Amino acid sequence: MHQMTLAEIARGLADKKFSSEELTKVLLARITQLDPQLNSFISLTEALALEQAKAADARRANGESGALLGAPIAHKDLFCTQGIRTSCGSKMLDNFKAPYDATVVAKLAAAGAVTLGKTNMDEFAMGSANESSWYGAVKNPWNLEHVPGGSSGGSAAAVAARLLPAATATDTGGSIRQPAAFTNLTGLKPTYGRVSRWGMIAYASSLDQGGPLARTAEDCAILLQGMAGFDQNDSTSIDEPVPDYSASLGDSLQGLRIGVPKEYFSAGLDPRIAELIQNSIKELQKLGAVIKEISLPNMQHAIPAYYVIAPAEASSNLSRFDGVRFGHRCEQPKDLIDLYKRSRGEGFGPEVQRRIMVGAYALSAGYYDAYYLKAQKIRRLVKNDFMAAFNEVDVILGPTTPNPAWKLGAKNSDPVAAYLEDVYTITANLAGLPGLSMPAGFVDGLPVGVQLLAPYFQEGRLLNVAHQYQLNTDWHTRTPTGF
Ligand code: GLN
């Protein structure tokens with residue numbers, strides 16, 4: 001039962017082959033049995049899951065239908081869930097029970113999805129390895145000595161290990177696409193503003209975007225359908241109609257223009273990954289796509305710009321965690337300043353403290369123009385590069401990451417080495433564009449992802465290309481041994 005995709009589950013439920021309650025019980029038992037090896041969950045919500053499953057079964061019995069009605073999922077632990085711990089992977093929020101549901105959580109619940117639990121993540125979504133979580137590192141089911149990617153590593157490891165078919169995640173600089181690549185999943189970062197950020201604890205507000213992690217593009221379409229849409233509670237949410245993402249999956253790729261940036265194939269890219277990307281290009285050519293070399297000349301400036309903008313926004317967003325209103329409070333403070341200092345010093349881990357300091361520095365008087373404003377100018381150049389490229393091509397293709405998943409601890413002493421791994425993903429966040437990662441093969445038994453980028457609001461095009469690719473390849477069907 002645990003091998004089924006969301007689409008298969010939807011068909012099985014519609015055909016009354018099993019009930020949501022039966023499926024939920026099977027998956028909860030599987031999580032209890034197997035997750036101790038992975039550490040992909042921070043909280044299991046068994047009682048809520050069984051209650052939602054029974055309610056979904058009752059709705060189906062009353063004639064309702066829908067691909068998410070009775071479908072088991074989990075939420076990255078930065079989506080607020082009413083009355084349930086919402087920790088953001090931090091000691092700071094270990095005692096925080098959200099007073100309301102995030103819009104994404106509420107929408108999926110209304111569609112009948114069943115929440116099995118809250119998944120582990122890098123602390124406040126800062127990281128690319130899921131090692132900065134206060135709840136401990138998550139392990140990659142493909143090799144337990146390797147990282148699953150981050151910051152949505154818990155959602156990725158759980159779905160890859162078939163503990164559940166799909167999960168929500170967020171992507172500020174790659175945190176959906178990079179763990180998807182490292183664990184052989186399909187993950188989609190939507191256009192900025194497509195999915196509401198209300199109740200999604202902020203890391204860098206101008207970059208953060210929620211999206212689906214699943215095994216197939218078909219399943220990402222189903223989950224995105226439940227997540228996307230205008231929300232008046234989020235002032236950056238876009239009031240555009242949500243297309244039927246499943247409807248265009250079957251479109252032909254004949255004549256599709258795929259741009260391959262020449263800057264992507266530089267010295268930093270593992271040659272074995274470069275070869276797998278070339279293979280995926282050949283596969284798409286067979287399906288009728290036309291390949292064109294393009295250039296993204298400002299790509300080299302993207303990492304430095306991102307690592308100024310993201311920490312700057314984080315330092316501002318995280319100032320609310322002061323030990324007064326919510327979250328961790330130190331014991332017996334001497335005075336107010338002592339309360340702030342020790343509550344924050346004890347509540348935040350080292351990576352979060354590093355980002356707050358970098359961000360506060362970049363925003364301080366005298367440095368603002370030199371760092372923050374400069375980074376914003378680079379951001380515009382990166383966006384302009386994409387706008388020029390999309391005049392010539394329909395999608396852009398390349399690797400999701402320069403290397404496969406590294407060993408746990410391998411980059412702990414050198415944060416910049418981890419930042420450099422984001423080279424292919426962060427440009428989409430700087431420009432606000434949608435991006436998708438899909439399985440493209442293996443290197444030393446570890447999965448490799450190919451990334452597709454598209455113009456604003458062309459999530460359907462990305463899902464269509466990925467679905468056609470997945471109809472003709474079987475990388476995405478491979479299962480990690482032991483799961
Ligand atoms: N690795 C990037 C960072 O640490 C991206 C994280 C994310 O997308 N949340 O900021």
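Starting from 1, each residue takes its place in the sequence as its number. Just so you know, these numbers come straight off a predicted model, no measurement behind them. Read the numbers this way: they start at 1 and go in the same order the structure lists the ligands and their atoms.
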When rounded to the nearest 0.5 Å, the distance separating CE of Met126 from CZ of Arg354 is 11.5 Å
Taking only non-hydrogen atoms of Ala125 and a 4.0 Å limit, the atoms of ligand 1 in range are 6 (C), 7 (C), 9 (N)
Quick check on the 6.0 Å ring-centre criterion: do Phe124 and Phe348 meet it?
yes
Under 4.0 Å from one or more heavy atoms of Ser128, ligand 1 contributes atoms 1 (N)
Original post:
Judging by distance only, is a nitrogen or oxygen of Ser151 under 3.5 angstrom from one on ligand 1?
Top reply: yes
Atom 4 (O) of ligand 1: of Gln209, Arg355, Gln178, Glu351, the nearest heavy atom sits on Arg355
| field | Sidechain N-carboxylate O distance under 4.0 Å for Arg272, Glu275 | value | no
Separation between OG (Ser316) and CD1 (Ile356), nearest 0.5 Å, reads 10.5 Å
With no hydrogens and no angle check, just 3.5 Å: does a side-chain donor-acceptor pair link Thr45 and Gln52? no
Any heavy atom of Tyr203 under 4.0 Å from ligand 1? The part involved is side chain
Of all protein heavy atoms, the one nearest atom 5 (C) of ligand 1 is Tyr306 OH, 3.3 Å
So the atoms of ligand 1 within less than 4.0 Å of a heavy atom of Gly173 turn out to be 5 (C), 7 (C), 8 (O)
- Please say whether Met126 places an N or O atom under 3.5 Å from an N or O atom belonging to ligand 1. no
Quick look: Asp422 vs ligand 1, heavy-atom contacts under 4.0 Å, and the answer is side chain
Worksheet item: Ion pair present between Arg344 and Asp322, side-chain N to carboxylate O less than 4.0 angstrom?
Response: no
Notebook entry, point to check: Within less than 4.0 angstrom of ligand 1, does Tyr307 place any heavy atom?
Noted result: yes
Do Val423 and Ile303 come within less than 4.5 Å of each other through their side chains, counting heavy atoms only? yes
Residues 445-452, side-chain donor-acceptor partners within the protein, below 3.5 Å, at least two apart:
| from | atom 1 | to | atom 2 | distance (Å) |
| --- | --- | --- | --- | --- |
| Gln451 | OE1 | Arg177 | NH1 | 2.8 |
| Gln451 | NE2 | Tyr424 | O | 2.9 |

Q. Does an N or O anywhere in Ser175 fall below 3.5 Å from an N or O of ligand 1?
A. yes
task = Give a yes/no verdict on whether any heavy atom in Ala310 is under 4.0 Å from an atom of ligand 1.
result = no
